[in-house]
Amino acid sequence: MKSKYEIRFFWPSSRGLERDDVYHRFFRQCEEEHKVEKDIYIISGNKYNIKIRENELHVKEFIENIKLISHFKQKKRLEFPLKSKKLEKLLGVNLFPEALLCDTPAELIEKLSTCSQARYVEVVKERCVRKLPEQAKIEIARIKLRGQEFTTLCIESKSLDTVLALSLLVPQRGAECLNYNEFLRKYG
C-alpha cells in the first residue's frame, strides 16, 4: 500500500509563524515552488480528505494518527462525471438518489448546499513548497477561509521518521497541530 505521513501546524495570521526563522531552516529561494490555488474542500464525518480542484475530486483516505502525525493512503484523483455510488461511499451520504452520475463539480456543490451531513468550504491558499530527498516536502502557506486567515506549515513524506525529525525543527509556539480534516471541521 502506498501511503504518506504528514504533520500540520496552524497559526492565526495575526500571531503567525516566524517566516524568517523557518525560511533559514527549510527554504532557499532557488529551491522553492510558489503557487496560489483556490480549492473547495468537502467536510463530513468520514475518513477522507476531499477537495475539488478544477474538474477533479482529490481524495486522501485517512489511515491512522501516530501521536500528532497523520497517516494517509496515496492521493487519488477522480474526474467528473462521477458515479453517485462512488460519491456516496466517499461522503457517507447519498446526494443523488435519483441519478446514476454527478456530472460536474458545480452540481456536487449545489447538492452539498442542501445537505446537513456534509458541507463545503472554499479555501484560497498561497503556498511555497520545497521538495527534499526521500520524496519529502515542506509547505508553508497562508490560507483564507470564511473571512479568516491562517499560516500553516506541513511536512510530508513516505517516511514516518523523516516527518518526525523535521517536525522537531518547527518553532511551535502558538501553533495548533491538526490534520487538514480536523482544521476544516473546527474553522470551516
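- Residues Leu178 and Val123 share a single hydrophobic cluster, defined by chaining ILVMFWY side chains whose heavy atoms lie under 4.5 Å apart.
- The residues Glu139 and Arg130 are annotated as not salt-bridged, no charged nitrogen and carboxylate oxygen being separated by less than 4.0 angstrom.
- Screening Val121, Leu108, Ile52 against Ile40 for a side-chain contact (heavy atoms from CB on, under 4.5 Å) leaves a single residue, Ile52.
- Follow the hydrophobic side-chain contacts under 4.5 Å out from Ile109 and you never reach Tyr41; the two are in separate clusters.
- Under the side-chain hydrogen bond (donor to acceptor under 3.5 Å, both in side chains) criterion, Lys125 pairs with no residue at all, not counting sequence neighbours.
- Residues meeting the side-chain hydrogen bond (donor to acceptor under 3.5 Å, both in side chains) test with Lys2, sequence neighbours left out: none.
- Other cluster members for Phe62: Phe72, joined by side-chain heavy-atom distances under 4.5 Å among Ile, Leu, Val, Met, Phe, Trp and Tyr.
- Here the side chain of Arg146 pairs a donor or acceptor atom with the backbone of Gly188 at under 3.5 angstrom.
- For residues 114-172, every residue pair satisfying the ring-ring contact (aromatic ring centres under 6.0 Å, His included) rule, not counting sequence neighbours, is listed here: Phe150-Phe183, Phe150-Tyr187.
- Trp11 contributes no side-chain N or O that, together with a main-chain N or O of Leu153, makes up a donor-acceptor pair within less than 3.5 Å.
- The backbone N or O of Tyr48 sits less than 3.5 Å from a side-chain atom of Asn46, completing a donor-acceptor pair.
- Atom CD of Glu37 has more than 12 neighbouring heavy atoms from other residues, nucleotides or ligands inside a 6.0 Å radius.
- The hydrophobic clustering, which links ILVMFWY residues whose side-chain heavy atoms are closer than 4.5 Å, places Leu101 and Leu95 apart.
- Remark: the backbone N or O of Ser44 is paired with a side-chain donor or acceptor of Arg185 at under 3.5 angstrom.
- Residue pairs meeting the side-chain hydrogen bond (donor to acceptor under 3.5 Å, both in side chains) criterion with at least one partner in residues 93-118, sequence neighbours excluded, are Glu98-Lys111.
- Separating the CD1 atom in Ile63 from the NZ atom in Lys73 is a distance of 6.5 Å, to the nearest 0.5 Å.
- Among pairs with a residue in residues 38-47, those fulfilling salt bridge (Lys or Arg N to Asp or Glu O under 4.0 Å) read Lys38-Glu122, Asp39-Arg53, Lys47-Glu61, at least two apart in sequence or across chains.
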Walk me through it: do Arg8 and Glu176 pass the test salt bridge (Lys or Arg N to Asp or Glu O under 4.0 Å)?
CA-CA 8 Å; Arg8 288 184 178 269; Glu176 283 187 89; over 6 Å; no
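- Rounded to the nearest 0.5 angstrom, Lys76 NZ and Leu57 CG are separated by 12.0 Å.
- In this view, Asn181 satisfies the side-chain hydrogen bond (donor to acceptor under 3.5 Å, both in side chains) rule with no residue, not counting sequence neighbours.
- Screening Lys60, His71, Lys137 for a side chain to side chain donor-acceptor pair (under 3.5 Å) involving Glu6 leaves a single residue, Lys60.
- Annotation: ring-ring contact (aromatic ring centres under 6.0 Å, His included) contacts involving residues 73-110, sequence neighbours excluded, are absent.
- At distances below 3.5 Å, not a single donor-acceptor pair connects side-chain atoms of Thr151 with backbone N or O atoms of Ser13.
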List the atom pairs, donor and acceptor, that lie under 3.5 Å between side-chain atoms in residues 83-91 and the rest of the protein, sequence neighbours left out.
residue : atom : partner : partner atom : Å
Ser84   : OG   : Ala99   : O            : 2.9
Ser84   : OG   : Leu100  : O            : 3.4

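- Around atom CD of Glu79, no more than 12 heavy atoms belonging to other residues, nucleotides or ligands sit under 6.0 Å away.
- By the 6.0 Å contact criterion, CD on Gln148 is enclosed, its count of non-hydrogen atoms from other residues, nucleotides or ligands being greater than 12.
- Listed by first and then second residue, the salt bridge (Lys or Arg N to Asp or Glu O under 4.0 Å) pairs involving residues 150-168 are Lys4-Glu156 (not counting sequence neighbours).
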Show your reasoning for whether side-chain contact (heavy atoms from CB on, under 4.5 Å) applies to Asn65 and Asn179.
CA-CA 9 Å; Asn65 276 329; Asn179 69 40; 4.1 Å; yes
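- A search for side chain to side chain contact (heavy atoms under 4.5 Å, CB included) contacts involving Leu68 returns Ile7, Cys177, not counting sequence neighbours.
- Residues forming a side-chain hydrogen bond (donor to acceptor under 3.5 Å, both in side chains) with Glu126 (at least two apart in sequence, or on another chain): His34.
- Note: Ser157 OG to Leu164 CG = 11.5 Å, rounded to the nearest 0.5 Å.
- Under a hydrophobic clustering in which Ile, Leu, Val, Met, Phe, Trp and Tyr are joined whenever their side-chain heavy atoms come within less than 4.5 Å, directly or via other members, Ile66 and Leu166 fall into the same cluster.
- Expressed to the nearest 0.5 Å, how far CZ of Arg77 lies from NE2 of His58 amounts to 4.5 Å.
- Tracing side-chain contacts under 4.5 Å through hydrophobic residues (I, L, V, M, F, W, Y), one reaches Tyr5 starting from Phe9; they form part of the same cluster.
- In this structure, Ile42 CD1 and Leu112 CG are separated by 5.0 Å, a value rounded to the nearest 0.5 Å.
- How far OG1 of Thr162 is from CD1 of Ile138: 10.5 Å, rounded to the nearest 0.5 Å.
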